[in-house]
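Heads up: numbering here begins at 1 and tracks the sequence.
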Amino acid sequence: MEHEGIRIRRWEDLETDCLTRVLSRVGMESLLLTVPFVCKSWYVTSLNPLCFQSLIFPDFMPLPLFTYSNNSKEPPRSFGPFYDKFIDEYGIDKTRFSITAFVKLVVNRSNGLATQLKLPEFCTKEGLMFVSDACPLLKNVWLPDDLVIFKTSHIVSQLIRKWKFLESLILGFGMLNIMDQYEMDGRPKFLSEHFNKLLTMKSFFSPNALDAILVQIGTHCKHFTDLMVYHTSLGEVEASRIVKSLPKLKKLVLSHCRINRDSVVTVLGGCKELVLFIANQGEGFEGSDEEISKFGSRIMNFSCQGCVGGDLLLTLFKLINVHRRLVSIMFLMYIGS
């Protein structure tokens, strides 16, 4: 294309390899809702598996999570801004939208080349199992659902063996969103049918899924170096497991966790290769003492804040109470069914 003797290159004429590199960085929302509608060449390039090596799913929440009457069959009214827009753009019947089908659609586009994954919250067991089979090259994984009450969390340990190249894992964080929904308007609530289907009664018999996950990482993931855990209990069993199963651990972050002082000492004393250790906004001990500080002095990036105070402490207590309330509601619904 020329304008007054000057050759002007159009975006659609960009070399395929270069365009692929650009589109691989724009994110899932743009790849699905913007790029395909620019021009034919961009649409074709957006289907290249290299554009989907990073599978960072946008925030997903099937609202409402809670209802005001038991045994309510009310379907989700919203799934979050991205998914609602996706449904509208492609003319999908909202009552038939499935996060499992969406995950499969996107993961299939990666053609097994994905190396990064952030699974959407409230994903199904079927969706997670599909990802574990379809993405053998994953290096960095974030599974946001709570480690106690969700069915997906209790099958992670069975799937870890398929991710032999796994280097980093982030677990949890989703309880904050659940807490916000539970506390809205302060009225008594029941679990919505679609939310209840994602939860497991195993929470009555096992404190969390972390120990089993750590065992499998130590057995199958020889390149593993980074672990970040949110909103769970880390006792002496889990601390000892970290030391035994992850001797080459480089980075460990424990945020909003319930952890006692002895468990911190066990981890710091046993993981000799740590270059980063952060334990913050949690409960169970008062913070660094002389022994903990001595261990921390050899770690490049070290922060051990112990118990939180003020608003953060209130938030943590709310998280714990909501967690316990969810388990109680599940139990009442279970015995009443």
Side-chain angles (χ1 to χ4, degrees), residues 56 116-119 121 139-148 153 156 166-177 179 207-211 213-214 217-218 221 223-320 323:
I56 309 300
Q116 295 190 75
L117 168 72
K118 177 184 177 292
L119 206 66
E121 295 177 55
K139 294 181 179 181
N140 307 304
V141 174
W142 182 355
L143 304 175
D145 284 331
D146 179 71
L147 285 172
V148 177
S153 297
V156 172
L166 189 66
E167 297 176 3
S168 68
L169 180 64
I170 302 175
L171 297 168
F173 192 76
M175 280 301 295
L176 283 174
N177 290 329
M179 181 185 74
N208 63 57
L210 183 59
D211 184 55
I213 292 172
L214 294 172
I217 292 175
C221 308
H223 306 285
F224 193 84
T225 59
D226 302 355
L227 177 64
M228 183 180 293
V229 182
Y230 290 89
H231 305 150
T232 193
S233 296
L234 196 145
E236 192 60 31
V237 171
E238 291 81 12
S240 298
R241 185 70 67 190
I242 288 174
V243 172
K244 181 178 180 180
S245 298
L246 310 178
K248 298 185 180 299
L249 194 65
K250 303 289 186 185
K251 300 177 181 179
L252 177 60
V253 177
L254 307 171
S255 184
H256 291 88
C257 289
R258 298 185 290 280
I259 178 172
N260 59 46
R261 178 195 175 278
D262 291 343
S263 297
V264 174
V265 171
T266 296
V267 171
L268 294 178
C271 296
K272 307 294 186 182
E273 298 188 24
L274 282 175
V275 296
L276 182 146
F277 176 86
I278 297 175
N280 61 11
Q281 300 179 19
E283 66 155 344
F285 69 104
E286 295 299 328
S288 295
D289 55 24
E290 184 176 350
E291 184 178 15
I292 291 176
S293 297
K294 183 177 180 179
F295 281 123
S297 64
R298 63 176 173 79
I299 299 175
M300 186 181 305
N301 295 290
F302 177 80
S303 175
C304 189
Q305 299 177 8
C307 286
V308 297
D311 292 340
L312 288 175
L313 181 60
L314 180 60
T315 298
L316 182 63
F317 285 156
K318 286 182 178 179
L319 278 169
I320 295 171
H323 199 282

Legend entry - Pairs touching residues 225-237 that satisfy salt bridge (Lys or Arg N to Asp or Glu O under 4.0 Å), sequence neighbours left out: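 Checked against salt bridge (Lys or Arg N to Asp or Glu O under 4.0 Å) - neighbours excluded - no pair reaches residues 225-237.
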
Inset, instruction - Compute whether any side-chain donor of one residue and acceptor of the other, for D145 and S153, lie under 3.5 angstrom apart. - result: no

Legend entry - Evaluation steps, side-chain contact (heavy atoms from CB on, under 4.5 Å), between F295 and V265: CA-CA 8 Å; F295 281 123; V265 171; 3.9 Å; yes

Legend entry - Any V243 side-chain heavy atom under 4.5 Å of T266 side chain: yes

Legend entry - Spacing of L171 atom CG and L147 atom CG [to the nearest 0.5 Å]: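 Here the interatomic distance stands at 5.0 Å.
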
Legend entry - Separation of I213 CD1 from D211 CG (nearest 0.5 Å): 9.5 Å

Legend entry - NZ (K118) with more than 12 external heavy atoms under 6.0 Å: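 Buried by this count: over 12 neighbours within 6.0 Å.
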
Donor-acceptor pairs under 3.5 Å, side chain of residues 245-254 to any protein atom, not counting sequence neighbours: which ones?
from: S245; atom 1: OG; to: R241; atom 2: O; distance (Å): 3.3
from: K250; atom 1: NZ; to: E273; atom 2: OE1; distance (Å): 2.8

Legend entry - Exam field: side chain S240 to backbone V237, donor-acceptor pair closer than 3.5 Å: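 Here the side-chain-to-backbone pair does not exist.
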
Shortest non-hydrogen separation from [X] to [Y] and the atoms involved:
{"X": "N140", "Y": "L166", "value": "N-CD1, 4.5 Å"}
{"X": "V264", "Y": "I259", "value": "CG2-CD1, 3.6 Å"}
{"X": "H231", "Y": "C257", "value": "N-SG, 3.9 Å"}
{"X": "C304", "Y": "I292", "value": "SG-CG2, 4.1 Å"}
{"X": "L214", "Y": "I242", "value": "CD1-CG1, 3.6 Å"}
{"X": "R261", "Y": "E291", "value": "NH2-OE1, 2.6 Å"}

Inset, instruction - Kindly determine whether S168 and L227 satisfy side-chain contact (heavy atoms from CB on, under 4.5 Å), including the steps that lead there. - result: CA-CA 6 Å; S168 68; L227 177 64; over 6 Å; no

Legend entry - Among L274, L268, I278, the one residue meeting side-chain contact (heavy atoms from CB on, under 4.5 Å) with F302: L268

Legend entry - Non-neighbouring partners of I170 that pass side-chain contact (heavy atoms from CB on, under 4.5 Å), sequence neighbours left out: W142, M228, Y230

